[in-house]
Amino acid sequence: MEGFYFDQSACNGCKACAIACKDKHDLPIGVQWRRVIEYTGGSWVQQGDTYEPKVFSYYTSISCNHCEDPICAEVCPTTAMTIRDDGTVYVDPKKCIGCKYCAMACPYSAPQFNPEKGVMTKCDGCKDYRDAGQEPACVAACPSRALEWGDVAELAKKHNSDVRSVEPLPDPEITRPNLVITPHRDAQPPGQGTGEIANPEEI
């Protein structure tokens, strides 16, 4: 089973991965298969007569997580959404009717409607590149090597010292992602830490 590895501690938010993806697939405005989300938070802390900023920021690069049992394929009425032999989730444009059921069901906003083609589209892990022995466009473009692609079990073993598997959202039976991630050591979930995390913005 193949999937992505993402090292959040190495990501600097440059969005090279998102740009490479958009360029490689010639995606129209509004369609982004890979997105980089920025999380920021913190507050001002009084130190005597002055105030010092205690803030943090970190980034998450996300695309389709190619779930083990994808909900998008479960709800697709035409079987356009399928799982390939390597575990990647693929949408067949010849079968897709653009109903958007997959987009409504996916917790990761992976399937996206392309108004120019009238069908749903999504990341396929750059299958044509991988068939040619190349890395997916987003992986190859990352200057800090925060992204990798490969067998999920091997990626987890390779990065075992700092890695954990991302917990599926919201139902572990139908949305478990084939994704391995090293979280940023300063990352704080909402309501914890010295400050509050602001609402993430897609930039």
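- Of all heavy-atom pairs between I71 and P107, the closest is CG2-CD, 4.1 Å.
- In this structure the side chain of K127 reaches within 4.5 angstrom of the side chain of R84, judged on heavy atoms.
- V139 and F6 end up in the same hydrophobic cluster when Ile, Leu, Val, Met, Phe, Trp and Tyr side chains are linked at under 4.5 Å.
- P111 places none of its side-chain heavy atoms less than 4.5 Å from the side chain of T121.
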Output, in order, the C-alpha distance, side-chain angles, deciding distance and verdict of side-chain contact (heavy atoms from CB on, under 4.5 Å) for M120 and N114.
CA-CA 6 Å; M120 302 306 296; N114 186 326; over 6 Å; no
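- Judged by a 6.0 Å distance limit and a 45° cone about the ring axis, K24 is positioned over the six-membered ring of Y129.
- Transitive grouping of hydrophobic side chains (ILVMFWY, heavy atoms separated by less than 4.5 Å) keeps Y5 and M1 in distinct clusters.
- Side-chain contact between I62 and Y108 is present, with at least one heavy-atom pair separated by less than 4.5 Å.
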Please determine whether side-chain contact (heavy atoms from CB on, under 4.5 Å) holds for the pair K122 and M81, giving the CA-CA distance in whole Å, both sets of side-chain angles, and the decisive distance to 0.1 Å.
CA-CA 10 Å; K122 62 177 292 299; M81 199 72 71; 3.6 Å; yes
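- Between F4 and W149, the ring-plane angle classifies as perpendicular under the 30° and 60° cut-offs.
- Formation of a donor-acceptor pair under 3.5 Å by the H66 side chain with backbone atoms of G3 is not found in this model.
- Between V89 and C67 there is no side-chain heavy-atom pair separated by less than 4.5 Å.
- To the nearest 0.5 Å, the span separating SG on C102 from CD on Q112 amounts to 10.0 Å.
- Side-chain contact, Q8 with T60: a donor N or O sits under 3.5 Å from an acceptor N or O.
- Salt-bridge check for R130 with E135: failed, with every basic side-chain N at 4.0 Å or more from each acidic carboxylate O.
- V75 and A105 make their closest contact through CG2-CB, 3.9 Å (heavy atoms, listed as atom of the first residue, atom of the second, distance).
- Separating the OG atom in S63 from the CG atom in D124 is a distance of 10.0 Å, to the nearest 0.5 Å.
- With rounding to the nearest 0.5 angstrom, the SG atom of C138 is 11.5 Å from the CD atom of E148.
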Would you sort out whether C76 and T78 count as a side-chain contact (heavy atoms from CB on, under 4.5 Å), showing the intermediate values?
CA-CA 6 Å; C76 180; T78 65; 3.7 Å; yes
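- V55 is not connected to V45 by any chain of hydrophobic side-chain contacts under 4.5 Å among Ile, Leu, Val, Met, Phe, Trp and Tyr, and they are in different clusters.
- Closest of all the heavy-atom pairs between A146 and C11 is CB-N, 4.0 Å.
- For Y101, the OH atom is loosely surrounded, since the number of other residues' heavy atoms within 6.0 Å does not exceed 12.
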The test is side-chain contact (heavy atoms from CB on, under 4.5 Å); show your working for C123 and R34 and say whether it passes.
CA-CA 8 Å; C123 163; R34 180 165 287 281; 5.8 Å; no
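- From Y59, atom OH reaches atom CD of E38 across 4.0 Å, with rounding to the nearest 0.5 Å.
- Using modelled atom types, one side-chain atom of S144 and one backbone atom of A10 make a donor-acceptor pair closer than 3.5 Å.
- Here the straight-line distance linking atom CD1 of I83 with atom OH of Y90 works out to 14.5 Å at 0.5 Å rounding.
- Separation of atoms CD1 (I19) and CD (Q32) is listed at 10.0 Å; rounding is to 0.5 Å.
- Side-chain atoms of K22 come within 3.5 Å of backbone atoms of P28 as a donor-acceptor pair (strictly under, hydrogens ignored).
- The closest donor-acceptor contact from the side chain of S57 to the backbone of Y39 lies at 3.5 Å or more, if one exists at all.
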